[in-house]
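Read the structure below first, then the notes.
Proteins come first, then strands; the chains are lettered A, B, ... in the order of their sequence lines, and each starts at number 1. None of the values given here were measured: they were computed from a predicted structure.
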Number of protein chains: 4
Amino acid sequence: MQESNTRQKILLASRMLFAEKGFHKAKMEEIAEAAGVGKGTIYDYFKSKKELFETMIKDIANEFKSVFIEKIGEERDFESKLKKLAELKFEINKSHIYIESLVFKNLSSFDEELLEWLKDFREKMIGFIADIMCEGIKGGHIKDVNPKLAALIYLGGAHLLSHYICEQEKDEYESMKNEGLELLHEITFRGLGK
Amino acid sequence: MQESNTRQKILLASRMLFAEKGFHKAKMEEIAEAAGVGKGTIYDYFKSKKELFETMIKDIANEFKSVFIEKIGEERDFESKLKKLAELKFEINKSHIYIESLVFKNLSSFDEELLEWLKDFREKMIGFIADIMCEGIKGGHIKDVNPKLAALIYLGGAHLLSHYICEQEKDEYESMKNEGLELLHEITFRGLGK
Amino acid sequence: MQESNTRQKILLASRMLFAEKGFHKAKMEEIAEAAGVGKGTIYDYFKSKKELFETMIKDIANEFKSVFIEKIGEERDFESKLKKLAELKFEINKSHIYIESLVFKNLSSFDEELLEWLKDFREKMIGFIADIMCEGIKGGHIKDVNPKLAALIYLGGAHLLSHYICEQEKDEYESMKNEGLELLHEITFRGLGK
Amino acid sequence: MQESNTRQKILLASRMLFAEKGFHKAKMEEIAEAAGVGKGTIYDYFKSKKELFETMIKDIANEFKSVFIEKIGEERDFESKLKKLAELKFEINKSHIYIESLVFKNLSSFDEELLEWLKDFREKMIGFIADIMCEGIKGGHIKDVNPKLAALIYLGGAHLLSHYICEQEKDEYESMKNEGLELLHEITFRGLGK
DNA sequence: AATGAATGAGTATTCATTCAT
DNA sequence: AATGAATGAATACTCATTCAT
């Protein structure tokens with residue numbers, strides 16, 4: 001019934017260490033130690049480091065899914081659901097173990113210096129877009145909103161949209177792109193408009 | 001005048017290989033071969049694999065910045081600028097060498113299987129949100145738009161917003177979060193509203 | 001109880017190989033093979049090649065010290081002690097693992113040819129000094145002893161004396177040098193005198 | 001007639017660098033730089049690093065030989081010659097480029113820490129022998145001399161003697177050893193005796 | 001079921017040497 | 001005669017994985 005206590009300890013320890021150090025820098029020995037088991041024991045439950053990592057990722061993803069569906073399911077109407085969704089995004093990001101940072105954050109593989117540089121770079125790019133928003137506000141094209149927040153929302157929308165559509169098949173790409181861009185701009189300009 | 005041809009060859013080859021295989025799987029020997037130079041030559045120009053990687057990242061980032069600023073600078077009015085911005089996002093993603101995939105794409109470190117699973121997972125999450133959009137359309141709360149595209153735009157906006165705000169200092173966090181969520185919803189509901 | 005058998009095997013194998021080939025020419029792989037362990041195992045016991053080397057040197061030095069103190073401690077009177085000391089010097093040199101040859105013998109880094117040349121050179125220098133001894137014997141200044149052996153004893157005394165004193169502080173140097181030279185000559189001329 | 005100026009510059013630079021850093025740590029590039037020539041130029045004069053090293057060693061040895069023979073040749077009588085010899089030993093050691101330190105001093109390959117440890121170790125061994133000398137003085141067996149200096153002279157004599165004899169053929173060894181030890185002790189006890 | 005000592009394949013890096021100019 | 005950019009063989013070291021206990 002207890003779904004092997006040892007297995008769970010290993011999974012939990014690996015989640016912490018992979019999150020903190022990334023796939024390559026997290027050592028099996030450390031994970032074993034953090035889980036309070038011997039190195040060999042991990043291999044009684046998982047075939048390899050990769051399998052451990054993948055199992056952990058899928059576990060987290062499924063947990064998230066459950067929480068998402070449950071929490072959003074509790075909301076009755078359309079608007080509340082979307083609002084709940086955005087709020088959950090904040091909670092998940094705050095929790096520091098959302099999947100992206102686990103799959104992708106081999107951040108820690110690199111120097112603080114590079115990370116700092118990249119953060120700084122992103123800050124400048126966002127500032128650049130915020131400036132455009134300012135222009136829109138001054139020019140009377142849009143309402144007087146916080147330009148940086150508007151920039152983030154717009155950029156995030158454009159980013160996920162393009163990222164997703166770029167993965168589509170060649171023949172669907174063009175039409176999806178046009179439709180997507182049109183919708184993005186409609187939403188943005190009507191949404192921000194006076 | 002030519003800013004060291006060899007250095008550029010190495011940088012270009014490393015860009016290709018790091019993009020294709022990620023930091024850890026790209027071997028110095030391969031990079032040297034791809035650049036058409038000897039292994040040791042790389043070390044005449046870069047102190048270490050890390051330095052090579054960082055230099056390449058920063059180079060790309062700066063190239064992007066130049067393109068962004070130039071292309072968007074060519075546009076005259078506010079709306080055109082934002083539209084150009086979204087289009088550039090598509091071009092960059094298409095080009096497969098945008099920074100995120102370079103810093104984070106230790107994707108290739110993992111099995112196709114996991115990547116597929118994650119893609120599938122994301123697809124389901126987006127489908128889940130698209131379903132909410134459908135509800136909104138059927139319920140007459142929003143216009144009859146492509147629900148998946150709307151889901152992507154909303155989710156992307158929520159994601160970058162929360163991601164950015166979660167990195168802020170504790171005392172700024174709460175007010176930014178509230179202001180951000182409010183703006184996100186105002187844009188979304190007005191933008192999508194009939 | 002057994003002070004890690006593996007560690008001892010590694011230490012012993014490294015002693016053999018460092019003695020035979022010097023620090024640089026002795027390869028970790030060879031040492032591992034000679035010790036009958038895997039390459040990685042050495043690193044479970046020693047942080048680096050340097051640490052292995054240093055540990056080995058200190059071990060040998062301490063063994064020597066023990067033997068010296070024990071053997072000489074067994075002798076009762078002053079003369080026997082000094083005589084024992086000189087005998088031990090022979091045994092140690094015969095054993096081929098005395099520290100000097102381990103720390104300094106990067107001999108093996110070089111061609112037999114250079115070594116031969118240097119040996120030959122030294123032979124000539126000793127012959128040169130032996131000739132001076134011959135002169136002393138013929139001139140009736142000293143007893144009729146083996147001139148080469150006398151040369152070796154004198155030269156060795158002069159060498160260690162100067163070597164040691166040259167390492168002293170500037171202000172002690174002059175007086176030590178004078179006292180040392182005077183003593184050396186008093187011993188030599190009285191010791192060799194008729 | 002000028003025996004190639006470039007060749008001499010290289011030889012001089014290599015002497016400095018090999019003396020300072022030892023064979024392995026002295027880099028050809030540094031030597032070239034110190035000599036004020038290009039890396040490739042060294043190879044116009046010397047076939048390899050080893051050949052450069054060997055040439056340099058032999059040059060120094062021959063210089064020494066010349067100085068030795070000349071200076072000692074200037075002295076007229078037996079005693080003065082030996083005294084001059086010991087003095088030259090000091091000068092040579094002081095000059096820091098005597099052959100031993102060049103062939104053997106891969107000292108610099110190792111940590112200051114090990115060198116310090118070995119120096120300390122030697123100091124203790126010499127102290128140990130000096131204590132025996134003290135015993136001899138107190139017991140009235142020898143004159144009241146500086147015990148440490150006496151220890152150095154005795155130990156040096158024993159060292160070179162044993163070192164040299166240990167290199168001899170097996171059948172000569174025993175008789176040389178006995179004769180050598182007897183002479184060493186006769187010199188020492190008569191030389192130090194009251 | 002659990003362990004951890006032992007393993008060795010795999011890789012970044014160094015530096016003596018070459019050779020086109 | 002002189003150069004120094006380019007080379008690649010050689011090697012210390014890491015860490016996921018195994019297996020005897």
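- Rounded to an integer number of Å, the gap from Lys25(C) NZ to dA12(F) P is 13 Å.
- Figure legend. dA20(E) is base-paired to dT3(F); pairs are counted as Watson-Crick or G-U wobble with both atom distances under 3.5 Å.
- Between Ile42(D) atom CD1 and dC19(E) atom P there is a gap of 17 Å when expressed in whole angstrom units.
- Counting non-hydrogen atoms under 4.0 angstrom, Tyr45(B) reaches the backbone sugars and phosphates but no base.
- In this structure, the side chain of Glu30(C) engages the main chain of Lys27(C) through a donor-acceptor pair within 3.5 Å.
- Atom P of nucleotide dC19(F) and atom NZ of Lys47(A) are separated by 16 Å, given to the nearest angstrom.
- When each of Asp44(D) and Ala26(A) is assigned the nucleotide of DNA chain F bearing its nearest heavy atom, the one mapping closer to the 5' terminus is Asp44(D).
- Side-chain proximity of Tyr43(A) to the nucleotides dA16(E), dA6(F), dT18(F) is greatest for dT18(F).
- Annotation: of the two residues near DNA chain E, Thr41(B) and Val37(C), the 5′-most nearest-nucleotide partner is Val37(C).
- Comparing Gly40(B) and Lys49(C) against DNA chain F, the residue whose closest nucleotide sits nearer the 5' end is Gly40(B).
- Arg122(A) and Glu167(B) make their closest contact through NH2-OE1, 2.8 Å (heavy atoms, listed as atom of the first residue, atom of the second, distance).
- A straight line from NE2 of His24(D) to C1' of dA10(F) spans 13 Å, rounded to a whole angstrom.
- Ring pair Phe23(D)/Phe18(D) is parallel by interplanar angle, where below 30° counts as parallel and above 60° as perpendicular.
- The distance from the CD atom of Glu54(B) to the CG atom of Leu118(A) is 9.0 Å, given to the nearest 0.5 Å.
- Proximity of a side-chain donor or acceptor of Asp120(C) to a complementary backbone N or O of Glu116(C) within less than 3.5 Å is not detected.
- Atom-to-atom, CZ of Phe23(D) to C1' of dC15(E) comes out at 12 Å; the value is rounded to the nearest Å.
- Side-chain proximity of Lys27(A) to the nucleotides dC15(F), dT13(E), dT17(F) is greatest for dC15(F).
- Counting to the nearest Å, the P atom of dA2(E) and the CZ atom of Arg7(A) are 13 Å from each other.
- Nearest to the side-chain atoms of Thr6(D) among the listed nucleotides dC15(F), dA2(F), dC15(E) stands dA2(F).
- Here Lys39(A) lies in heavy-atom contact (under 4.0 Å) with a base.
- Searching all strands for a Watson-Crick or G-U wobble partner of dC13(F) with both distances below 3.5 Å returns dG10(E).
- One atom, CD of Glu33(C), and another, P of dG8(E), lie 11 Å apart when rounded to the nearest Å.
- For Gly38(A) and Glu29(D), each mapped to the nucleotide of DNA chain E holding its nearest heavy atom, the one lying further toward the 5' end belongs to Gly38(A).
- Counting to the nearest Å, the C1' atom of dT11(F) and the NZ atom of Lys50(C) are 16 Å from each other.
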